[in-house]
Colleague: 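Mind having a look at this structure? Questions to follow.
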Amino acid sequence: AVALVTHGCRPGVFGGHAGAQELDLLDSQGPTGAGKPSLLGALKLEGQRYVTDGGNILLAPLHWDGNNWIQAGLAVASVALLSQEDSRIDTTFQRNRSAQTDSFSGVVRPFGTYAGIGVSVVSLGGGLLFKNAEWRDTGRDAVEATIFAAGIVTPILKEAVGRLRPSQGSDADEFHSLSGNQSFPSGESTEAFAIASVFASRSQGWIVPVVAYTLASGVALARMNEHA
């Protein structure tokens, strides 16, 4: 559901966002006669864009059509259904945990933390440096998805839900809102899927989407393997 909100919410997508359109114009025109903007100026422009996009993302549900609401409903329903099998799934994962599964977790988990952020920043930086709009916009969307989905929405939900981690001996339905317990939703899984959705939607063909969502799924599996 978080990915649905952030997915595809580029500046000006709903119309009437003059500030966002001006920033897009600067991107397309490149440096003017005054020369290239300073690093501070470029960072300021990026910050302005993220604030503008943040507003668009926050208001996105107001512009959803029936299809979007169906997708959101299905996402929520899927989580609710899976939660009924939570204890059984956790038991199965721990029963089959091994050195191999721990090794797999160690390889894929970074894609839900620094590696995911790194790929996004490299895409954004490379696009700005080499004037490649596709790289730039993909990296920019991925950074925004990380900030808004994993950095803002997920921490708020964690505090509101207050679910204990399985490693704390909790039951599937043990929730203590505002207790500081932060098992659900998974921040690393959220970040991995938010970034994966951006790279998948902005790519052509099936290879990038398959790789992106496989890595994101691996992060989620790694968190279950680690009893987190």
Side-chain angles (χ1 to χ4, degrees), residues 1-28 45-84 112 116 119-120 123-124 127 133-161 184-217 219-220:
V2 171
L4 180 63
V5 174
T6 58
H7 176 67
C9 291
R10 294 302 308 144
V13 69
F14 303 124
H17 298 296
Q21 292 170 354
E22 290 171 3
L23 291 170
D24 283 338
L25 186 60
L26 285 175
D27 274 340
S28 63
L45 287 175
E46 282 299 308
Q48 290 175 348
R49 182 181 297 277
Y50 296 158
V51 170
T52 301
D53 284 4
N56 291 340
I57 291 170
L58 184 64
L59 298 175
L62 299 178
H63 303 270
W64 283 359
D65 56 22
N67 223 17
N68 296 136
W69 284 109
I70 289 173
Q71 291 180 49
L74 289 174
V76 173
S78 298
V79 172
L81 287 173
L82 284 173
S83 68
Q84 302 303 309
V119 170
S120 306
S123 179
L124 172 58
E134 185 177 352
W135 293 0
R136 180 198 67 211
D137 291 342
T138 298
R140 185 176 279 152
D141 281 357
V143 170
E144 290 179 356
T146 300
I147 292 172
F148 296 121
I152 298 176
V153 177
T154 296
I156 292 174
L157 289 176
K158 282 177 175 287
E159 275 301 314
V161 173
F184 180 83
S186 167
E188 292 183 19
S189 298
T190 300
E191 179 180 324
F193 275 100
I195 294 173
S197 69
V198 171
F199 279 90
S201 66
R202 284 192 168 275
S203 67
Q204 296 182 355
W206 58 271
I207 296 178
V208 172
V210 168
V211 171
Y213 283 120
T214 297
L215 289 173
S217 298
V219 172

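Throughout, numbering of the chain's residues begins at 1 and tracks the sequence.
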Colleague: Excluding sequence neighbours, so at least two apart, what forms side-chain contact (heavy atoms from CB on, under 4.5 Å) with V210?
Modeller: W206, T214

Colleague: What heavy-atom pair brings A194 and S197 nearest, and what distance separates the two atoms?
Modeller: O-OG, 2.7 Å

Colleague: Could you grab the distance from atom CZ of R136 to atom OG of S123, nearest 0.5 Å is fine?
Modeller: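 The OG atom of S123 is 10.5 Å from CZ of R136, to the nearest 0.5 Å.
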
Colleague: Taking all non-hydrogen atoms of both residues, which atom of P61 and which atom of W69 are closest, and how far apart?
Modeller: O-CZ2, 3.5 Å

Colleague: Specify the closest pair of heavy atoms between G112 and A192, including all atoms of both residues, with the distance to one decimal.
Modeller: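 The pair with the smallest heavy-atom distance is CA-CB, 4.1 Å.
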
Colleague: Which value, rounded to the nearest 0.5 Å, describes the distance between N56 atom CG and L62 atom CG?
Modeller: 11.5 Å

Colleague: Apply side chain to side chain contact (heavy atoms under 4.5 Å, CB included) to residues L215 and F199 and explain how you reach the verdict.
Modeller: CA-CA 12 Å; L215 289 173; F199 279 90; over 6 Å; no

Colleague: Donor-acceptor pair, distance only, cut-off 3.5 Å: does the side chain of S203 make one with the backbone of A200?
Modeller: yes

Colleague: Under 3.5 Å, side chain of T138 to main-chain N/O of E134, donor-acceptor pair present?
Modeller: yes

Colleague: Does I147 have any side-chain contact (heavy atoms from CB on, under 4.5 Å) partners at least two apart in sequence or in another chain, and if so, which?
Modeller: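 Partners of I147 under the side-chain contact (heavy atoms from CB on, under 4.5 Å) test: Y50, V143, I152.
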
Colleague: Please report the closest heavy-atom contact between V198 and A145, naming both atoms and the distance.
Modeller: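 Closest approach of V198 to A145, heavy atoms only: CG2-CB, 4.1 Å.
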
Colleague: Which atom pair, heavy atoms only, marks the closest approach of A220 to F193?
Modeller: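 Closest heavy-atom pair between A220 and F193: CB-CE1, 4.3 Å.
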
Colleague: Under the side-chain contact (heavy atoms from CB on, under 4.5 Å) rule, collect the residues that match up with A212, sequence neighbours excluded.
Modeller: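 With neighbours one apart ignored, the set is A196.
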
Colleague: Kindly write out the residues that satisfy side-chain contact (heavy atoms from CB on, under 4.5 Å) with T146, not counting sequence neighbours, or none if the list is empty.
Modeller: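 Applying side-chain contact (heavy atoms from CB on, under 4.5 Å) to T146 gives I117, E191, I195.
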
Colleague: Using side-chain hydrogen bond (donor to acceptor under 3.5 Å, both in side chains) as the criterion, list what pairs up with E159, not counting sequence neighbours.
Modeller: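 Listed in chain order: Q182.
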
Colleague: Return the CZ to OG1 distance between F184 and T154, rounded to the nearest 0.5 Å.
Modeller: 9.5 Å

Colleague: Between D141 and E144, does the side chain to side chain contact (heavy atoms under 4.5 Å, CB included) criterion hold? Intermediate values first, please.
Modeller: CA-CA 5 Å; D141 281 357; E144 290 179 356; 4.1 Å; yes

